[in-house]
Undergrad: 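Below is one structure. I have some questions about it.
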Amino acid sequence: MTTREQLLQRAASLVPALRERAAETEGRRQAPPETIEDLKAAQLITAAQPQRYGGMGLDFDVVFDIAAELGRGCGSTAWCYGIWASHNWLVALFPEKAQNEYWAEDPNTLSSTSFNPARSKATAAPGGFRLSGHWDFSSGCDPAQWVLLIANGPEVPMMMLLPRRDYAIEDTWFVSGLKGTGSKDILVDDAFVPEHRTVPMPLLREGNAPGRQVHDTANQRIPQQCIIPYTLASPIVGMARGAVETFEERIRHGASAREGDPLSQVPSYHLRLAESSAEVDAAHLIMQRDCREIMERAHRDELPTIDDRARYRRDHAYVTRLCVRAIDRLFEASGGHSLYDSSPMQRFHRDAHAASHHVGLSWDALAEQYGRVRAGLDPDPRLV
């Protein structure tokens, strides 16, 4: 059986190729076919997917360690990888019939998502729902065969699974960072979604979705909001690790533009490297601690407390905050050459800032939520 350590080694072995393709990935505004094939061949897409459907069946948190590894080479690729692999975890929470349809042809099936239901409407119909709407920021949608959408249902928000024939992609992705994620818009015009391809969001938030009756492993017992935002934060950890490595390489081999003195002799560079690397290590450790706690609770079939949920949501944003701050400190001292398109540093800087803008990583909202809970006030149920 393939182990977590073996998958992380395979991810690390892909980093040089991802670094070489990073400019091409940006130019294409989506992952190159070669990169997608590499991810599939290394069995990374199926890491947390049920064994019944061709997956490795490992604990879900392995996806975040893999994304943090891939992000050292290409932030856009790591972002898409985390999303594709996490979606295969989400599909395993749907009823059995939906899973059979999704993995009918290929264990490496890919899906994109969009979780903003503001411009959606789902109405009840015999055997399911009629769905219409417009969703944005659907990362990795171009090579995907399915999409997961959150829609406003007749009674509660619902997650819905649609095949490629039932939606259109609108190319809106002209951006400053994460250019290679292809996070375009999804359009649905009165599609029929059978009931078995829907899950009410309250069930997902409490780790009690229909897929639990199909597999009932620890992966099906996790409250979604506790862990899914690390899909977004873990690639940023990888970007920050890549920025630290890029800065180290520069000061080891670079020289001052004015005097020609070795950069390795500049004390301020030593200080910046020390503080930024400590922040990245701290961010990675916080993520791993939270994920270990969440998985241990799931193995015991135990739900996190409200205090724990608020802390996990705080940490999703704080991990991001630490990594962005670490990258900024290094970028400030990287000189004019870091502005060239050929420099990995400018790409890490742009990609991390773009990723940190995701609403699921908003420090202000999630820090305020944590403070409310610790002060004895009721939380916003949408955030925990």
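What you see below is based on every heavy atom in this structure, not just the backbone, and it leaves out hydrogens, waters and symmetry mates.
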Undergrad: State, to 0.1 Å, how close Ala78 and Ala67 come at their nearest heavy-atom pair, and which atoms those are.
TA: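 Closest heavy-atom pair between Ala78 and Ala67: CB-O, 3.5 Å.
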
Undergrad: Let's go through Asp351 and Lys179 carefully: what are the C-alpha distance in whole Å and the side-chain angles of both, what is the deciding distance for salt bridge (charged side-chain N to carboxylate O under 4.0 Å, His left out) to 0.1 Å, and is it a yes or a no?
TA: CA-CA 8 Å; Asp351 286 351; Lys179 292 183 177 183; over 6 Å; no

Undergrad: For Ala274, does its backbone N or O pair with a side-chain atom of Ser277 as donor and acceptor, under 3.5 Å?
TA: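 Checking the backbone N and O of Ala274 against the side chain of Ser277, a donor-acceptor pair under 3.5 Å is found.
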
Undergrad: State whether the number of non-hydrogen atoms from other residues, nucleotides or ligands found under 6.0 Å of Asp341 atom CG is greater than 12.
TA: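 Check fails, neighbour count at 12 or below.
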
Undergrad: Check whether the side chains of Glu101 and His196 place a donor and an acceptor atom closer than 3.5 Å, and report yes or no.
TA: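 Short answer, yes.
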
Undergrad: Do Pro223 and Arg309 make a side-chain contact, defined as non-hydrogen atoms from C-beta onward lying under 4.5 Å apart?
TA: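 In short, these two side chains touch, coming nearer than 4.5 Å.
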
Undergrad: Would you say OH of Tyr340 has more than 12 non-hydrogen atoms from neighbouring residues, nucleotides or ligands within 6.0 angstrom?
TA: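 Open: at most 12 neighbouring heavy atoms sit under 6.0 Å from OH of Tyr340.
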
Undergrad: Using modelled atom types and a 3.5 Å cut-off, is there a donor and acceptor pairing between side-chain atoms of Arg350 and backbone atoms of Ser176?
TA: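 Yes, because the side chain of Arg350 sits within donor-acceptor range (under 3.5 Å) of the backbone of Ser176.
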
Undergrad: Would you say the side chain of Phe192 lies within less than 4.5 Å of the side chain of Pro194, judging by non-hydrogen atoms?
TA: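 They are in contact (side-chain heavy atoms under 4.5 Å apart), so the answer is yes.
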
Undergrad: For His357 together with His353, are the ring centres under 6.0 Å from each other?
TA: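 Here the rings of His357 and His353 have centres that are no less than 6.0 Å from each other.
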
Undergrad: Of all heavy-atom pairs between Pro200 and Val156, which one has the smallest distance, and what is that distance?
TA: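 Closest approach of Pro200 to Val156, heavy atoms only: CB-CG2, 4.0 Å.
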
Undergrad: Taking all atoms of both residues into account, what is the closest heavy-atom pair of Val188 and Ala191, and its distance?
TA: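 Looks like CG1-CB, 3.6 Å.
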
Undergrad: Got more than 12 heavy atoms from elsewhere within 6.0 Å of CG, Asp380?
TA: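 Yes.
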
Undergrad: Checking side-chain polar atoms at under 3.5 Å, does Ser276 have a donor or acceptor matched by the opposite partner on Arg329?
TA: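 Result is yes, a qualifying pair exists.
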
Undergrad: Enter the distance from Glu24:CD to Leu18:CG here, rounded to the nearest 0.5 Å.
TA: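 Rounded to the nearest 0.5 Å, the CD-CG separation comes to 11.5 Å.
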
Undergrad: Determine whether the side chains of Thr172 and Asp185 contain a donor N or O and an acceptor N or O closer than 3.5 Å.
TA: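 Distance-only check passes for Thr172 and Asp185.
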
Undergrad: Do we see a donor-acceptor contact under 3.5 Å between the side chains of Asp308 and Thr305?
TA: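 Checked: Asp308/Thr305 side chains pair up, N/O donor to acceptor below 3.5 Å.
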
Undergrad: Using modelled atom types and a 3.5 Å cut-off, is there a donor and acceptor pairing between side-chain atoms of Arg130 and backbone atoms of Asp190?
TA: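 It does hold such a pair.
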
Undergrad: After noting the C-alpha distance and the side-chain angles of Arg221 and Asp216, does the key distance pass the salt bridge (charged side-chain N to carboxylate O under 4.0 Å, His left out) rule?
TA: CA-CA 7 Å; Arg221 303 173 195 154; Asp216 197 25; 3.2 Å; yes

Undergrad: Using only heavy-atom distances, determine whether the side chains of Tyr53 and Asn100 contain a donor-acceptor pair under 3.5 Å.
TA: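 Side-chain D/A pair, Tyr53 to Asn100: present.
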
Undergrad: CZ of Arg252: more than 12 outside heavy atoms within 6.0 angstrom?
TA: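 No, CZ of Arg252 has 12 or fewer neighbouring heavy atoms, counting only those of other groups under 6.0 Å.
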
Undergrad: Check each of Leu7, Leu14, Leu8 against Arg10 using the side chain to side chain contact (heavy atoms under 4.5 Å, CB included) test, and report the only one that passes.
TA: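 The single option meeting the side chain to side chain contact (heavy atoms under 4.5 Å, CB included) with Arg10 is Leu7.
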
Undergrad: Please walk me through it: do Arg292 and Asp61 pass salt bridge (charged side-chain N to carboxylate O under 4.0 Å, His left out)?
TA: CA-CA 8 Å; Arg292 183 171 60 251; Asp61 64 311; over 6 Å; no

Undergrad: Would you indicate whether the side-chain heavy atoms of Met160 and Phe129 approach each other to under 4.5 Å?
TA: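 They are in contact (side-chain heavy atoms under 4.5 Å apart), so the answer is yes.
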
Undergrad: Rounded to the nearest 0.5 Å, what's the gap from CG on Leu303 to CZ on Arg297? Could you check?
TA: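 Output value for this atom pair is 9.0 Å.
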
Undergrad: Can Leu361 be reached from Phe348 by stepping across I, L, V, M, F, W or Y side chains whose heavy atoms are under 4.5 Å apart?
TA: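 Per the 4.5 Å side-chain linkage, Phe348 and Leu361 are co-clustered.
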
Undergrad: Please determine whether side chain to side chain contact (heavy atoms under 4.5 Å, CB included) holds for the pair Leu263 and His253, giving the CA-CA distance in whole Å, both sets of side-chain angles, and the decisive distance to 0.1 Å.
TA: CA-CA 7 Å; Leu263 295 181; His253 303 291; over 6 Å; no

Undergrad: Taking it one step at a time, do Phe247 and Tyr269 satisfy ring pair (Phe, Tyr, Trp, His ring centres under 6.0 Å)?
TA: CA-CA 9 Å; Phe247 192 80; Tyr269 291 172; 5.8 Å; yes

Undergrad: Over all heavy atoms of both residues, which pair between Ser356 and Ile236 is shortest? Give the atoms and the distance, please.
TA: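 The pair with the smallest heavy-atom distance is N-CD1, 4.1 Å.
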
Undergrad: Just verifying a value: how many Å separate Leu110 CG and Ile36 CD1, rounded to the nearest 0.5 Å?
TA: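 Spacing of CG (Leu110) from CD1 (Ile36) equals 6.5 Å.
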
Undergrad: Tell me, which pairs form a side-chain hydrogen bond (donor to acceptor under 3.5 Å, both in side chains) where one or both residues lie in residues 316-326, sequence neighbours left out?
TA: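 Residue pairs passing side-chain hydrogen bond (donor to acceptor under 3.5 Å, both in side chains), neighbours aside: Glu279-Arg325, Arg313-His316.
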
Undergrad: For Arg21 and Thr35, which I'm curious about, is there any donor-acceptor pair between the side chains at under 3.5 Å?
TA: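 The criterion, which ignores hydrogens and geometry beyond distance, is satisfied for Thr35 and Arg21.
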
Undergrad: Just checking, any donor-acceptor pair under 3.5 angstrom between side chains of Glu275 and His270?
TA: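 The answer is no; no qualifying pair exists.
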
Undergrad: Tell me if the NZ atom of Lys40 is crowded by more than 12 foreign heavy atoms within 6.0 Å.
TA: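 Yes, the 6.0 Å shell around NZ holds more than 12 heavy atoms from other groups.
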
Undergrad: Would you mind reporting whether Gln220 and Leu93 have side-chain heavy atoms less than 4.5 Å apart?
TA: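 In contact.
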
Undergrad: Any chance you could measure Thr181, atom OG1, to Leu178, atom CG, to the nearest 0.5 Å?
TA: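 Here the interatomic distance stands at 5.0 Å.
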
Undergrad: Test side-chain hydrogen bond (donor to acceptor under 3.5 Å, both in side chains) on Gln225 and Tyr312; report intermediate values, then the result.
TA: CA-CA 9 Å; Gln225 286 288 76; Tyr312 297 146; over 6 Å; no

Undergrad: Hey, what do you get for CZ (Arg28) to OG (Ser76), rounding to the nearest 0.5 Å?
TA: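 Rounded to the nearest 0.5 Å, the CZ-OG separation comes to 13.5 Å.
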
Undergrad: Could you give the distance from CG (Leu58) to OG1 (Thr3), rounded to the nearest 0.5 Å?
TA: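 Output value for this atom pair is 8.0 Å.
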
Undergrad: I want to check a possible cation-pi pair here: Arg29 against Phe174, using under 6.0 Å from ring centre and within 45° of the ring axis as the test.
TA: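 Judged by the rule (NZ or CZ under 6.0 Å from the ring centre, within 45° of its axis), Arg29 counts as positioned above Phe174.
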
Undergrad: Could you walk me through whether Asp136 and Lys184 satisfy the salt bridge (charged side-chain N to carboxylate O under 4.0 Å, His left out) test, starting with their C-alpha distance in whole Å, then the side-chain angles of each, then the deciding distance to 0.1 Å, before giving a yes or no?
TA: CA-CA 6 Å; Asp136 48 13; Lys184 301 170 183 177; over 6 Å; no

Undergrad: With no hydrogens and no angle check, is any side-chain donor or acceptor of Asn152 less than 3.5 Å from a backbone partner on Pro157?
TA: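 Answer holds: no.
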
Undergrad: Keeping Gln346 on the side-chain end and Ser343 on the backbone end, is there a donor-acceptor pair under 3.5 Å?
TA: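 Side chain of Gln346 to backbone of Ser343: a pair is present.
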
Undergrad: Tell me whether the count of non-hydrogen atoms from other residues, nucleotides or ligands lying under 6.0 Å of CZ in Phe137 goes above 12.
TA: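 Open: at most 12 neighbouring heavy atoms sit under 6.0 Å from CZ of Phe137.
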
Undergrad: Could you go through Thr113 and His87, starting from their C-alpha distance and side-chain angles, then the distance that decides it, and tell me whether this counts as side-chain hydrogen bond (donor to acceptor under 3.5 Å, both in side chains)?
TA: CA-CA 8 Å; Thr113 50; His87 293 176; 2.9 Å; yes

Undergrad: Search all heavy atoms of Ser120 against all heavy atoms of Ile150 and return the closest pair with its distance.
TA: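 Where Ser120 meets Ile150 most closely, the heavy atoms are OG-O, 4.1 Å.
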
Undergrad: Side-chain contact test, heavy atoms from C-beta onward, threshold under 4.5 Å: evaluate it for Pro304 versus Ile294 and give yes or no.
TA: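 In short, these two side chains do not touch, never coming nearer than 4.5 Å.
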
Undergrad: Tyr102: which residues meet the ring pair (Phe, Tyr, Trp, His ring centres under 6.0 Å) condition with it, sequence neighbours left out?
TA: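 Here the qualifying residues are Trp146.
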
Undergrad: Does any part of the side chain of Glu245, heavy atoms only, come nearer than 4.5 Å to the side chain of Arg250, both counted from C-beta?
TA: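 SC-SC contact between Arg250 and Glu245 ruled out.
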
Undergrad: Which heavy atom in Tyr81 sits nearest to a heavy atom in Leu44, and how many Å separate them?
TA: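 Smallest interatomic distance, heavy atoms only, reads OH-O, 2.8 Å.
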
Undergrad: Determine yes or no for a side-chain-to-main-chain donor-acceptor pair under 3.5 angstrom, with Ser86 supplying the side chain and Ile83 the backbone.
TA: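 No; zero donor-acceptor contacts below 3.5 Å.
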
Undergrad: State, yes or no, whether a side-chain contact exists between Leu161 and Leu149 at a heavy-atom distance under 4.5 Å.
TA: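 A side-chain contact is absent here, since even the closest heavy-atom pair is not under 4.5 Å.
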
Undergrad: For the residue pair Trp89 and Gln49, establish whether any side-chain heavy-atom pair is separated by less than 4.5 Å.
TA: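 When only atoms from C-beta onward are counted, Gln49 and Trp89 do not touch, as no gap falls below 4.5 Å.
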
